[in-house]
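Inspection log for the structure reproduced underneath, given as structure tokens.
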Amino acid sequence: MSSDNKTDYRAALNLPDTPFPMRGDLPKREPGWVQQWEDEGLYKRLRMARAGREKFILHDGPPYANGTLHAGHAVNKILKDMIVKARQLKGMDAHYVPGWDCHGLPIENQIEKLYGRNLGRDEMQAKGRAYATEQIALQMKDFKRLGVLGEWDNPYKTMNFANEARELRVFKRLIERGFVYRGLKPVYWCFDCGSALAEAEIEYQDRKSTTVDVAFEAAEPAKLAAAFGLPQLDKPAFVVIWTTTAWTLPANQALNLGPQIEYALVDTPKGLLVLATARVDDCLKRYGIDGKIIATTQGAKLAGLNFKHPLYDVDAGYRRLSPVYLADYATDTDGTGIVHSAPAYGVEDFNSCVSHGLAHADILNPVQGGGSYAADFPLFGGLDIWKAVPVIIQTLQDAGRLLATSSLQHSYPHCWRHKSPVIYRAASQWFVRMDEGVGVFTKDKAAETLRTTALRAIEQTRFYPPSGQARLRDMIAGRPDWVISRQRAWGVPIAFFLHKETDELHPRTLEILDQASDIIAQGGIEAWSRVTAEEILGAEEAQHYRKFNDILEVWFDSGSTFDHVLCGTHPDEHHESGPEADMYLEGHDQHRGWFHSSLLLASAIRGRAPYRSLLTHGFTVDSQGRKMSKSLGNGIDLQQANKKWGAELLRLWTASSDYSGDIAGDDKIMARVIDSYRRIRNTLRFLLANTSDFDPAKDAVPPADMLEIDRWLLARAAAFQAEVLAHYEVYEFHPVVAKLQLFCSEDLGGFYLDVLKDRLYTTQPKSLARRSAQTALWQLTQALLRWMAPFLSFTAEEAWKLVGQSDSIFLEEFWRFDAPDAALLAKWARIREIREAVNKQIETLREQGQVGSSLQATAVLSAPPEDHALLASLGADLRFVFIVSAIELKAGDALSISVSGSNDQKCERCWHYLPDVGQHAEHPTLCGRCVSNLYGAGETRSIA
């Protein structure tokens with residue numbers, strides 16, 4: 001090469017080159033990768049690659065097959081996918097079978113909206129199955145679009161015939177174990193659903209209710225006087241109750257007083273009023289009257305006294321007495337200290353009345369399933385109970401029994417589907433028993449109560465975060481019996497036949513359940529709907545029995561999936577007897593939902609939890625902490641997000657959020673996620689570009705021959721990987737993302753890659769110096785792609801196509817580094833500290849305009865013995881580590897730094913300012929080492 005001024009020395013650099021683009025163009029390119037994974041059968045190949053290895057099973061909590069997906073669905077599925085992929089990369093056989101919850105009221109509601117409310121059972125079931133099938137197809141497409149790998153060609157659906165049949169067998173097993181019984185109890189009832197609800201289907205909202213204070217006249221004045229120690233009463237006497245549910249007063253059957261509470265007899269213009277002594281002043285103020293206490297007594301002395309119903313004299317239908325029962329739930333902290341009892345509409349009222357001898361048949365239950373009083377109910381027949389409240393109040397007013405009324409804003413139970421207020425309503429239902437009792441057709445009674453078994457199972461379960469354990473334990477410890485029957489059509493039938501006169505179960509019930517299961521396994525629940533009593537029982541018996549039409553509630557469906565999925569439809573994942581799933585993962589609301597129902601059913605039939613660990617995540621909220629919702633317009637629309645940002649950024653958003661709390665997302669937050677992604681992608685691009693001409697099979701340098709700073713990088717990467725894997729082991733992702741960004745910006749961009757550029761670009765292409773660097777970079781790239789693959793799945797796979805030895809990054813395992821050299825890490829940690837101090841002084845000169853780049857600077861370091869030894873060990877490579885053109889090292893008592901601008905010429909090729917620039921006549925703009933690297937033997941590097 002001549003000294004022609006037109007010589008392009010930049011072209012003589014080893015400039016990086018890669019087809020890996022700077023811009024991911026994710027929204028356009030991701031669908032192609034999704035399709036490629038599907039076409040290649042990647043999930044099946046992963047199973048084949050890990051056959052025989054230790055299994056990891058994340059059992060999918062089935063989303064409901066109804067409606068478009070939202071950000072919460074995305075977070076849930078992405079978290080599951082990240083965990084499964086991390087376990088796969090650990091070398092485990094990590095299974096993920098996605099599933100769907102297909103039965104139940106939400107789908108029935110949709111069908112009724114589309115086709116009306118008067119569909120027959122067969123038509124509802126047919127349309128319900130078709131609708132769920134359509135919804136699953138739409139949701140599956142969106143889940144796949146998120147980059148989630150799983151057995152999408154064979155998901156589980158609770159409406160699969162085999163699953164419906166197996167669920168009924170689980171129900172039969174519960175019966176055999178003694179946990180199922182029928183009872184009349186007040187249960188949550190939704191008028192819009194027309195059905196009983198479970199605890200998990202209730203949410204609380206503020207509601208405005210009308211309160212009333214109502215007087216019940218004493219039917220036995222002499223006995224009341226004696227209870228207060230008086231010879232007689234000289235005017236009419238009344239017990240006064242206070243309630244927020246005026247609609248229950250027509251069904252009053254008793255009064256409850258606290259046995260230890262002191263009650264007062266108060267002389268007022270309204271008569272003699274019985275009130276808790278502690279409530280007298282507040283009550284009289286509320287009634288707007290004066291009064292004087294003339295006697296007091298304990299609640300226990302009033303037991304058994306009778307009082308007239310407030311409408312006793314208004315209509316013959318209310319000419320009944322309300323006895324006083326003693327109950328601890330009556331308190332003197334609010335109201336009047338006396339509780340009116342309508343046993344059909346309150347659990348405590350029901351228990352109190354039944355324990356005092358009230359027969360089930362004598363319980364008044366006028367409120368119908370649709371929310372109105374029975375048509376023949378006195379005074380209020382046919383009225384909707386909420387609309388009846390002002391009518392009831394006016395009737396009490398006219399009867400002279402209303403002392404006060406006002407409005408109260410309070411927390412009230414609502415149906416989580418319809419957002420409408422619910423009531424307690426006594427109904428004959430089928431229950432799963434939590435405590436001791438007698439079940440139906442018990443053959444193999446469990447040795448302990450379901451509550452005891454479930455509480456022990458909780459103690460044997462790992463929780464992420466740990467606070468979930470107390471939450472679930474408290475819910476199980478205090479929960480009532482589980483009402484499992486629903487008065488609907490689209491669900492697994494409770495396949496009973498009941499005697500038309502006695503209402504008793506057919507004596508062959510267990511056998512019939514097996515028969516029904518076989519029929520359903522062949523033709524689904526629709527096949528059982530078409531079966532007649534004659535076909536099952538024979539013509540003679542069928543005359544005396546009716547087919548029961550209730551279904552099992554939807555939480556029973558999803559709660560039993562551990563049995564019919566893990567041990568039934570996907571049997572290769574587990575042996576018939578277990579073991580449990582390694583993990584269930586859902587939002588923290590599922591402590592009272594799927595986690596809860598699954599625990600109860602598994603404890604009942606297996607004596608243990610169906611999971612080894614539970615992981616919960618928070619809700620998706622906006623940056624102000626408001627839950628994302630369509631009505632507020634503050635949600636992240638999944639389809640729009642994929643078009644705008646790409647699923648990869650939703651994955652990174654999920655991974656970088658602390659899911660143990662609520663997960664915030666909006667445009668501003670996503671802008672930060674985009675910035676994070678760019679930093680990681682740019683680092684990856686640098687690694688790929690600088691190893692594009694590196695073949696590890698031919699070019700890799702043995703560890704012993706590598707330059708020291710390259711060996712340091714591998715030691716640092718090994719230490720960093722240990723941190724990453726420790727986080728993955730306990731399902732933590734946001735620390736991985738945060739640390740990975742720091743690693744990329746500080747360890748790599750701010751130090752190692754910054755130091756490395758000169759050696760990569762200027763040394764001879766195949767020199768030991770450059771190949772050593774590429775060996776380190778290639779191993780780092782291999783490790784980095786595995787670290788990021790669980791959350792940046794598309795990007796990792798995209799890069800893998802350029803550097804991988806297999807078809808997919810997910811077929812790989814985490815990179816295996818040698819154990820990190822602690823002494824080497826400590827040495828370079830101190831060197832970096834000193835380098836940082838030098839950089840600060842260079843930055844000062846740069847701000848003053850004395851230097852441009854750090855290469856324009858020279859430095860003099862005076863260092864104490866230990867630091868001096870560290871720095872001296874770098875030899876001539878010291879200046880490359882500090883990225884200055886010249887550095888002088890001196891011995892001293894303390895570290896001191898002096899930096900100044902160089903007076904030498906700048907090399908056109910390497911940009912160093914060196915005294916030998918121009919000493920080669922043919923290359924007057926080059927330094928000596930660039931001439932050697934281009935035309936001679938090349939420079940020698942030992943450290944950096």
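Here the structure is a predicted model, which is why all the values come from computation and not from measurement.
Side-chain contact check for F377 versus P250: some heavy-atom pair is nearer than 4.5 Å. In this structure, L402 and V212 have side chains that are in contact, with non-hydrogen atoms separated by less than 4.5 Å. Under the 4.5 Å side-chain criterion, counting only non-hydrogen atoms from C-beta, L224 is in contact with F307. Counting heavy atoms from C-beta outward, T243 and I241 have side chains that approach closer than 4.5 Å. Put simply, the side chain of L396 reaches to within 4.5 Å of the side chain of L311, judged on heavy atoms. Side-chain atoms of D328 and P259, non-hydrogen and from C-beta on, do get closer than 4.5 Å to each other. Residues V240 and W242 are not in side-chain contact: their nearest non-hydrogen atoms beyond the backbone lie 4.5 Å or more apart. Counting only heavy atoms from C-beta outward, the side chains of Y263 and V239 never approach each other to under 4.5 Å.
Using the six-membered ring where Trp is involved, H103 and W490 have ring planes that are perpendicular, over 60° apart on the 30 and 60° scheme. In this structure, H356 and Y325 have parallel ring planes: the angle between them is below the 30° cut-off, well short of the 60° mark.
Considering CD1 of I476 and CG of L472, their distance stands at 5.0 Å, rounded to 0.5 Å. We find the CD-CG distance between Q590 and L614 to be 11.0 Å, quoted to the nearest 0.5 Å. For the atom pair CE of M475 and CG of L599, the computed distance is 12.5 Å after rounding to the nearest 0.5 Å. The distance from atom CG of D362 to atom SG of C353, rounded to the nearest 0.5 Å, is 11.0 Å. Atom CG of D332 and atom CD1 of I261 lie 4.5 Å apart (nearest 0.5 Å). Atom CG of D192 sits about 8.0 Å away from atom CG of N109, to the nearest 0.5 Å.
R451 places no side-chain N or O within 3.5 Å of a backbone atom of M434 that could act as its donor or acceptor partner.
Because its NZ or CZ atom is both nearer than 6.0 Å to the ring centre of W386 and within 45° of the ring axis, R207 counts as a cation-pi partner of that residue. Under a cutoff of 6.0 Å and an axis angle of 45°, K270 and F238 do not form a cation-pi pair.
For the residue pair N256 / S352, a side-chain donor-acceptor distance below 3.5 Å is found, with atom types taken as modelled. For Q487 and Q429, the side-chain atoms include at least one donor-acceptor pair closer than 3.5 Å. Inspection of the D206 and Y412 side chains reveals no N or O donor paired with an N or O acceptor under 3.5 Å. One side chain, H596 or R479, offers a donor N or O that lies under 3.5 Å from an acceptor on the other. Under 3.5 Å, the side chains of E112 and Q110 contain no donor-acceptor pair of N or O atoms. The closest side-chain donor-acceptor pair between H410 and S209 falls under 3.5 angstrom. A donor-acceptor pair shorter than 3.5 Å cannot be found between the side chains of Y318 and N252.
Between A330 and L257, the shortest heavy-atom distance links the atoms CB-C, 3.7 Å. The two atoms that bring W189 and A427 nearest to each other are CZ3-CB, 4.1 Å, heavy atoms only. Taking both residues in full, the closest heavy atoms of A477 and L455 are given as N-CD2, 4.1 Å, listed atom of the first, atom of the second, then distance. Pairing each heavy atom of F431 with each of G183, the nearest pair is CE1-O, 3.3 Å. Residues S341 and Y329 share a closest heavy-atom pair of OG-OH, 4.4 Å. What you find for K419 and H414 is that their closest heavy atoms are O-CD2, 3.3 Å.
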Verdict with supporting geometry, N365 and Y345, side-chain hydrogen bond (donor to acceptor under 3.5 Å, both in side chains):
CA-CA 8 Å; N365 192 4; Y345 306 119; 3.0 Å; yes
Before giving the answer on salt bridge (charged side-chain N to carboxylate O under 4.0 Å, His left out), spell out for E553 and R488 the whole-Å C-alpha distance, their side-chain angles and the decisive distance to 0.1 Å.
CA-CA 9 Å; E553 71 133 337; R488 307 299 301 188; over 6 Å; no
Verify side-chain hydrogen bond (donor to acceptor under 3.5 Å, both in side chains) between Y181 and D481, making sure each step is shown before the conclusion.
CA-CA 10 Å; Y181 72 97; D481 290 350; 2.5 Å; yes
Evaluate the side chain to side chain contact (heavy atoms under 4.5 Å, CB included) criterion for residues V280 and K292: first the C-alpha distance (whole Å), next the side-chain angles of each, then the deciding distance (0.1 Å), finally the verdict.
CA-CA 9 Å; V280 169; K292 178 184 177 183; over 6 Å; no
Step by step, work out the side-chain hydrogen bond (donor to acceptor under 3.5 Å, both in side chains) result for D384 and S372.
CA-CA 4 Å; D384 174 272; S372 299; 4.8 Å; no
Let me see the working for K235 and D267 under salt bridge (charged side-chain N to carboxylate O under 4.0 Å, His left out), right down to the final yes or no.
CA-CA 9 Å; K235 60 171 71 172; D267 188 3; 2.8 Å; yes
Would you check, one step at a time, whether the test side chain to side chain contact (heavy atoms under 4.5 Å, CB included) holds for I363 with F350?
CA-CA 9 Å; I363 291 175; F350 179 89; 3.4 Å; yes
What's the verdict on side-chain hydrogen bond (donor to acceptor under 3.5 Å, both in side chains) for T248 and H340, showing C-alpha distance, side-chain angles and the deciding distance?
CA-CA 9 Å; T248 63; H340 113 81; 2.8 Å; yes
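The 12-atom threshold is not exceeded at CG of D290, counting heavy atoms of other residues, nucleotides or ligands nearer than 6.0 Å. The 12-atom threshold is exceeded at NZ of K445, counting heavy atoms of other residues, nucleotides or ligands nearer than 6.0 Å. A 6.0 Å sphere centred on CG of D398 holds more than 12 heavy atoms belonging to other residues, nucleotides or ligands. Around CD of Q205, the count of heavy atoms belonging to other residues, nucleotides or ligands within 6.0 Å exceeds 12. More than 12 heavy atoms of other residues, nucleotides or ligands sit less than 6.0 Å from atom CD of Q409.
The distance between the ring centers of H418 and F191 does not fall below 6.0 angstrom. Between F171 and F496, the gap from one ring centroid to the other is short of 6.0 Å. Under the 6.0 Å cut-off for aromatic ring centres, Y188 and Y424 qualify, their centroids lying closer than that. Ring centroid separation for the pair F380 and W247 does not come in under the 6.0 Å cut-off.
Looking at R592 and E201, no side-chain N of the basic residue comes within less than 4.0 Å of a carboxylate O on the acidic one, giving no salt bridge. Salt-bridge formation is detected for the pair D503/R182: a Lys NZ or Arg NE/NH1/NH2 atom is positioned less than 4.0 Å from an Asp or Glu carboxylate oxygen. Salt bridge absent: D282 and K285 never bring a charged side-chain N and a carboxylate O closer than 4.0 Å. Comment: R456 engages E448 in a salt bridge, judged by a side-chain N to carboxylate O separation of less than 4.0 angstrom.
R286 pairs with exactly one of T211, D281, D213 by the side-chain contact (heavy atoms from CB on, under 4.5 Å) rule, that one being D213. Partner L265 forms a side-chain contact (heavy atoms from CB on, under 4.5 Å) with one of L275, I293, T296, I294 and no other, that one being I294.
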